[in-house]
Trainee: 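Dumping the structure here so I can ask a few things about it.
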Amino acid sequence: MHIQAPFELVLFGGLGDLAQRKLLPAMYLLHRDGRLPEGLIYCTSRRALSQQEFLEIVRTALRQHVPQACLEEQSWETFTGRLRLAEMDLSDEQGYQHLSQLLGPDDRNRLYYLATGSDLYTHVCQGLHNCDLIKSNSKIVLEKPIGHDFQSAQAINASVAEYFHESQIYRIDHYLGKETVQNLMVLRFANSLFEHQWNQKYIDHIQITISEALGVEKRAGFYDHVGAMRDMFQNHLLQLLCITAMEPPSKLEPDAVRDEKVKVLRALKPITGDAITERVVRGQYDAGVSDGQPVPRYRDEPGVEPKSMTETFVAAKVEIDNWRWAGVPFYLRTGKRLAERACEIVVHFKEIPHSIFPLQHKNTMANKLVFRLQPDEGVRLMLCEKRVGPGMNVRPMNLSLNPANHKQTRVPEAYERLLFDALAGNATLFLRDDELLEAWRWVDPILSSWEESEQRPEPYTSGTWGPAAATLLLAKDGRLWDENS
Ligand code: BG6
């Protein structure tokens with residue numbers, strides 16, 4: 001897989017939060033590692049900046065968001081040669097004319113990246129179309145969340161489809177670009193050992209957690225209208241669920257993989273009516289302590305409505321109605337201001353049917369396979385072994401499936417992988433239109449019921465693992481969350 005040269009990457013929202021934190025650092029790292037052919041990066045911005053001011057903003061962003069060891073003067077100098085500022089207002093037609101004058105010939109490998117709110121997507125597509133900037137080899141990346149419910153997502157899909165063919169549209173979910181997610185596919189589909197066990201016969205349940213220690217930060221204007229269900233659950237968590245639960249695709253090709261993911265989404269047991277309160281927990285953080293510092297409650301964060309009903313935490317018990325997963329619950333949770341930043345998929349195997357050993361703690365015996373996506377990426381198998389010495393004492397042990405030598409290679413950031421793939425035209429790790437809609441179809445009844453409810457999300461103390469109801473969700477089934485696996 002290679003990127004056709006010369007490429008042109010146009011970042012709409014080119015100096016916004018996402019561009020500064022993720023997209024420009026990722027492009028710099030690809031450049032530094034010699035993975036980019038000849039090509040230019042255009043950052044759109046409404047601000048009238050000199051080239052020097054523009055470069056200074058990018059440089060500051062790189063200093064903050066690129067690992068120190070990768071910041072090299074020479075790479076920066078050559079990287080600046082790729083950077084162009086496109087001063088434009090996305091809602092103004094003239095801006096697109098200005099952009100068309102900046103861009104090179106039409107036959108270039110051109111990628112438009114919409115790092116803006118999804119309410120602007122149609123507008124940008126129209127602007128590009130009116131200036132004849134959409135060619136058969138142009139591609140477009142759409143950031144999440146796309147829409148705020150099924151209907152709005154359907155409308156956005158339909159309007160983008162007026163300008164771009166589905167094969168030109170790359171709906172990004174950066175969790176799919178994380179190294180361990182791809183490793184999960186390799187472990188599942190390149191080893192017969194795991195795949196034979198990957199079903200209701202051997203697996204008791206699966207937990208997927210994305211926890212953040214940070215609060216809403218400076219994004220209240222966005223987040224207070226969105227909440228954890230739309231920001232994290234509808235996309236990142238459900239995508240991790242799909243990769244974990246899907247059937248083996250026939251090939252490692254975009255549609256083969258996406259066909260299998262969409263089947264999982266279609267097989268999700270709907271959660272509606274009274275089942276919503278039984279199976280889904282929503283919470284909102286209260287004041288507490290995070291990283292040793294006192295932090296305010298969500299409702300007191302700058303930019304948040306004082307009576308905000310927005311959830312900053314969601315946990316749910318999800319079931320998949322098919323042969324492989326019948327009776328195996330998937331417990332999913334995500335939240336801000338939790339005890340620590342972590343992301344893990346933990347596969348809990350069933351206990352042995354009968355133990356011949358004296359056990360101190362019953363649950364030390366069940367095997368677990370842990371895929372840790374962050375902060376330290378890796379895979380661990382939790383087994384039992386004999387404690388050295390007299391007697392036959394059993395103790396749990398961790399088998400790391402990432403030997404130390406793997407750690408010497410820098411793990412690429414998710415956006416590096418995904419930007420490279422989009423520029424190279426590989427859509428395997430991007431969502432198709434039907435996947436997006438199925439995910440919304442499943443979360444819609446939950447969101448509507450919350451909107452109708454006057455009950456406030458359950459408060460939880462910042463720096464803890466979320467509301468008590470989330471603990472209860474598993475306790476009812478005689479299980480516990482893996483807090484520190
Ligand atoms: C984004 C959400 O998609 O993912 C943010 O909008 C969240 O709210 C972020 O903080 C988390 O990503 P990561 O890769 O840092 O876990």
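Order of listing sets the numbers, starting from 1, for every ligand and every atom in it. Not measured: the values here are computed from a predicted model.
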Trainee: Would you say the side chains of Tyr331 and Arg479 form a donor-acceptor pair under 3.5 Å?
Mentor: yes

Trainee: Ser45 versus Leu85: any side-chain heavy-atom pair under 4.5 Å?
Mentor: yes

Trainee: Tell me whether the rings of Trp198 and Phe194 are parallel (<30°), tilted (30 to 60°) or perpendicular (>60°).
Mentor: perpendicular

Trainee: Begin with the C-alpha distance, continue with both residues' side-chain angles, and end with the deciding distance and a verdict on side chain to side chain donor-acceptor pair (under 3.5 Å) for Glu377 and Thr180.
Mentor: CA-CA 6 Å; Glu377 309 218 12; Thr180 309; 2.8 Å; yes

Trainee: Going by side-chain hydrogen bond (donor to acceptor under 3.5 Å, both in side chains), name the residues that satisfy it together with Glu319, two or more places apart in sequence or in a different chain.
Mentor: Arg279

Trainee: Let me know which protein residues bring a heavy atom to under 4.0 Å of ligand 1; chain then number is fine for ordering.
Mentor: Lys144, His174, Tyr175, Lys178, Glu212, Arg219, Asp231, Met232, His236, Lys336, Arg341, Gln374

Trainee: Is there a side chain to side chain donor-acceptor pair (under 3.5 Å) between Gln126 and Glu162? Walk through the geometry before answering.
Mentor: CA-CA 9 Å; Gln126 245 164 18; Glu162 283 179 32; over 6 Å; no

